[in-house]
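Take a look at the structure below.
Given the structure is predicted, the values throughout are model-derived calculations rather than measurements.
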Amino acid sequence: MYNVSAPQGSQTVLQCYSQRMVWTQDRLKDRQRVVHWDLFRSTPDYAMERILDMFSTGDQRIYNAYNQDRISMPKSAFQDGNFSLVIKNVETSDRGIYSCNLHHHYCHLYESIKVQLNVTKSARKERRFWDGQKAVYVVLAGSTVVLPCVNRRPIWTESNSEEEQQQVVHWDRQGPGVRHDRADRLVDLYASGERRHYGPLFIQRKMNISTTAFSRGDFSLTISDLQPADKGLYSCHLHHHYCGLHERRIFQLNVGPPVPLEATHTPYSLPKEDPMTKAVEMPPHVINVILPEHRGHFLQQLGYILATLLLMALIILAIVLLTCRRKARALEYDPRVTAKSELPTVKYISHQCRLSKNYERDVPEVKMCNQDEAKCEFKNNLLKEAEMSKCSSPKVIDLDRDLQKSWK
């Protein structure tokens, strides 16, 4: 089934083609039916050989001169349907599988019948039987045999003088919710050219088939001025009663809303001519400048690229600054970096001699708090002594005066 949709008010064509139904005035009607007899030899090289042809006029063609007057077919084959092959004086070389091929070129029909022939020299072995696929004949050498091929169907036995009335095409319409046996007949067309319309007159005028349908094989139905009431299921039936051919095409037609009409442009007025000055008034020329869009697109892409590069530069700068700051903090807390401080100076003055000893010791300034408690207390005491020495001036001791006081 084919689905076809078209807007309201338009024209649609439901296409129905069939080259098998082409009607032609063939003057060589005797060449339209023919029977061939072929022989398949299993030895020595499995070859197929054409033996005899016979046409509907009774003409026969024998391909091998050796078989002249030895093989034949009944001349009334196309009248009574007996296409049997007669072989006289059977020889051993006649063994093989024979096929009777019936061709109807006009109706494109083909039928085949096979018969196997075996030759024996003993009369007791002569027999006929069916092996499940074909008939088998075992005949005596030197005798006459008839290989059967019978087909009495009217297509092979009757002439085609009345085929003009046996070919017909008709179109049916099945509305929504209607069964197929209740479909409405629209039109019939015969190969002779006879046409029959059904239904109201307005339907007959809007639905039609071409008069050359049977000469071109185009049986399409043309529907004009589509309306919502035309939707439904359409079927094309092709009948060839002589050949026994029947074909069918089904179409589902849906009708949509009408197509809106496009607005027409205002017609251009001709330039006016002044009869006094013979001058022609020309309208002002307007030049439309259209900038290509690819330039703006290029600038936009360039801006994206520059913004991406700037963002990457800022990220790199931030990484460098953070790295430098971490290195500075690591150097500040390094225990290997020490500071030197001076120890207090003590001077001893006596009467006999004055001794001045300067003791300078370097006390490292340790800021790390993860050392042992004994070392921390020692360093704290040294720091306290240094602060006390800075506040008091150096003391001068006179030993002679002290000794005199003690003796008195």
| Side-chain donor-acceptor pair under 3.5 Å between Asn3 and Asn254, yes or no? | no

In terms of heavy-atom contacts, Val35 and Cys100 come closest through CG2-SG, 3.8 Å

Determine, for Glu126 against Arg124, whether the closest basic-nitrogen to carboxylate-oxygen distance falls under 4.0 angstrom. no

When you measure from the side chain of Gln252 to the backbone N and O of Val4, does any donor-acceptor pair fall under 3.5 Å?
no

Starting from the C-alpha separation in whole Å, work towards a yes-or-no answer on side-chain contact (heavy atoms from CB on, under 4.5 Å) for Ser93 and Arg95. CA-CA 5 Å; Ser93 59; Arg95 291 183 302 177; over 6 Å; no

Within the 3.5 Å criterion, strictly below it, is a donor on Asn151 or Glu111 matched to an acceptor on the partner's side chain? yes

- Task: Could you tell me whether the side chain of Arg173 and the main chain of Lys231 form a donor-acceptor pair under 3.5 Å?
- Result: yes

In terms of heavy-atom contacts, Val146 and Ser84 come closest through CG1-CB, 3.7 Å

| said: Quick one, Gln68 and Arg70 - any side-chain contact, counting heavy atoms below 4.5 Å? | reply: no

Short N-O contact, Lys88 and Asp69, less than 4.0 angstrom:
no

message: Whether Arg205 and Asp225 form a salt bridge (side-chain N of Lys/Arg under 4.0 Å from carboxylate O of Asp/Glu) is what I want to check.
response: no

Residues Leu147, Trp37; criterion side-chain contact (heavy atoms from CB on, under 4.5 Å); working and verdict: CA-CA 10 Å; Leu147 302 181; Trp37 273 96; 4.0 Å; yes

### Task
Please check if any side-chain donor atom of Ser122 sits under 3.5 Å from a side-chain acceptor atom of Thr120, or the reverse.
no

Task: Residues Asp172 and Arg185 bridged, charged N to O under 4.0 Å - done: yes

message: Between Phe55 and Phe78 (judged by ring centroids, cut-off 6.0 Å), do the two rings come close enough to count as a pair?
response: no

Between Asn64 and Asn67, is there a donor-acceptor pair closer than 3.5 Å when you use the side chain of the first and the backbone of the second?
-> no

**Prompt:** With distance as the sole test, does Gln116 use its side chain to make a donor-acceptor pair with the main-chain N or O of Ala135 at under 3.5 Å?
**Reply:** no

Shortest non-hydrogen pair, Cys149 vs Ile113, comes out as SG-CD1, 3.9 Å

>> Just so I know, are the side chains of Leu226 and Leu253 near enough to count as touching, which here means a heavy-atom distance under 4.5 Å?
In response: yes

Shortest non-hydrogen pair, Arg152 vs Asp80, comes out as NE-O, 3.2 Å

| said: For Phe214 and Phe219, take the angle between the two ring planes, folded into 0 to 90°, and tell me which bin it lands in: parallel under 30, tilted 30 to 60, perpendicular over 60. | reply: perpendicular

How about Ile87 and Leu117: do any of their side-chain heavy atoms sit closer than 4.5 Å?
yes

_Does Tyr190 form a side-chain hydrogen bond (donor to acceptor under 3.5 Å, both in side chains) with Arg196? I'd like the steps, not just the answer._
CA-CA 9 Å; Tyr190 293 86; Arg196 298 176 184 176; 3.3 Å; yes

Looking only at heavy atoms, the pair that brings Tyr198 and Val187 closest together is CD1-N, 4.1 Å

Fill in: Ser99/Ile97 under side-chain contact (heavy atoms from CB on, under 4.5 Å): CA gap, chis, key distance, verdict
CA-CA 7 Å; Ser99 59; Ile97 299 177; 5.8 Å; no

task: Compute the centroid of each ring, for His239 and then for His170, and state whether the two points are separated by less than 6.0 Å.
output: yes

In terms of heavy-atom contacts, Tyr110 and His103 come closest through CD1-CE1, 2.9 Å

* Asked: Does Arg195 use its side chain to pair, donor to acceptor, with the backbone of Ile209 at less than 3.5 Å?
  -> yes

Tyr234 versus Arg249, side-chain donor and acceptor atoms under 3.5 Å: no

Run the side-chain contact (heavy atoms from CB on, under 4.5 Å) check on Leu238 and Leu245 step by step: do they pass? CA-CA 8 Å; Leu238 303 174; Leu245 301 177; over 6 Å; no

State, without any angle test, whether Asn208 and Thr222 hold a side-chain donor-acceptor pair at a distance under 3.5 Å.
no

